[in-house]
Amino acid sequence: MSLLSRGGSLFLLAALSSLALAGCAQEGEPDPSQEAATVQPTMNTLTIDGTGSLRWNDTQITLDELADLLAQTRQMPTEPELQFRPSAGASYETSAEILRVIKQSGITKFGFVGKEKYPVTEPAED
């Protein structure tokens with residue numbers, strides 16, 4: 001093997017090592033395509049779908065992140081309104097857990113939105 005081919009191999013190994021280390025440095029860091037949820041000053045929307053996916057203003061969040069976002073709303077000079085829009089397929093248990101987190105946060109401007117899509121039939125009188 002000539003010195004040139006060995007030098008080329010060393011260069012290739014060094015380049016590959018750099019790429020591997022760069023990949024390792026990125027592990028554990030947030031995905032840049034996943035933006036952080038932010039609190040809007042006047043109104044925020046919280047949705048849950050049939051798969052249990054929770055979204056704050058269209059950004060996917062966890063229950064822990066929900067608690068943090070609600071705490072941020074309480075610290076604002078004027079509390080923004082929170083609109084909760086559960087889908088018809090949302091789990092009752094998950095929705096109840098979300099409501100528990102909301103209640104514990106102490107926010108005061110809260111409302112259900114879209115419930116008119118799911119009419120409740122009154123029981124017939126006997």
Side-chain angles (χ1 to χ4, degrees):
M1 183 179 276
S2 73
L3 187 58
L4 181 59
S5 66
R6 273 192 232 150
S9 296
L10 287 176
F11 174 77
L12 181 59
L13 283 173
L16 290 174
S17 295
S18 295
L19 288 173
L21 288 174
C24 289
Q26 291 177 3
E27 273 185 37
E29 292 180 9
D31 181 357
S33 65
Q34 180 76 18
E35 65 181 65
T38 57
V39 175
Q40 298 301 314
T42 56
M43 184 191 67
N44 296 282
T45 303
L46 179 63
T47 60
I48 180 170
D49 65 18
T51 66
S53 178
L54 189 59
R55 295 189 165 278
W56 178 278
N57 298 330
D58 294 326
T59 300
Q60 189 164 351
I61 62 169
T62 64
L63 275 177
D64 288 338
E65 290 170 320
L66 173 60
D68 292 341
L69 290 163
L70 293 170
Q72 288 177 37
T73 66
R74 294 280 297 151
Q75 295 171 357
M76 298 177 84
T78 302
E79 182 182 316
E81 177 183 342
L82 176 62
Q83 295 184 350
F84 183 42
R85 298 174 186 246
S87 76
S91 154
Y92 176 81
E93 290 81 15
T94 305
S95 297
E97 179 67 13
I98 291 167
L99 291 173
R100 184 189 62 75
V101 171
I102 292 170
K103 183 176 181 179
Q104 284 181 338
S105 75
I107 66 165
T108 59
K109 293 183 178 180
F110 171 78
F112 282 92
V113 178
K115 64 183 178 187
E116 61 278 356
K117 291 188 275 184
Y118 315 110
V120 176
T121 306
E122 294 295 325
E125 292 185 28
D126 291 328

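Counting begins at 1 with the first residue of the sequence.
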Looking only at non-hydrogen atoms, find the nearest pair between Ser87 and Gly50 and report the distance. OG-N, 3.4 Å
Honestly curious: do Met43 and Val113 fall in one hydrophobic cluster under the side-chain, below-4.5 Å linking rule? no
Going from OG1 on Thr94 to CG on Leu54, what distance comes out if it is rounded to the nearest 0.5 angstrom? 9.0 Å
After noting the C-alpha distance and the side-chain angles of Ile61 and Asp68, does the key distance pass the side chain to side chain contact (heavy atoms under 4.5 Å, CB included) rule? CA-CA 10 Å; Ile61 62 169; Asp68 292 341; over 6 Å; no
To the closest 0.5 Å, what do you measure between CD (Gln72) and CD (Gln75)? 7.0 Å
Min side-chain heavy-atom separation Pro41-Met76 under 4.5 Å: yes
Inter-residue atom distance Arg55.CZ - Leu66.CG, 0.5 Å rounding: 14.0 Å
Does the Glu79 side chain pair with the main chain of Lys109, one donor and one acceptor, at a distance under 3.5 Å? yes
Drop me the distance from Leu82's CG to Phe112's CZ, to the nearest 0.5 angstrom. 10.0 Å
Would the distance check show the side chain of Glu65 and the main-chain N or O of Thr62 forming a donor-acceptor pair, the cut-off being under 3.5 Å? yes
Drop me the distance from Thr45's OG1 to Phe84's CZ, to the nearest 0.5 angstrom. 11.5 Å
So Leu99 and Phe110, do their side chains get closer than 4.5 Å, heavy atoms only? yes
Heavy-atom side-chain proximity of Leu46 to Ile102 below 4.5 angstrom: yes
Can you measure from OG1 (Thr73) to CD1 (Ile107) and round to the nearest 0.5 angstrom? 5.5 Å
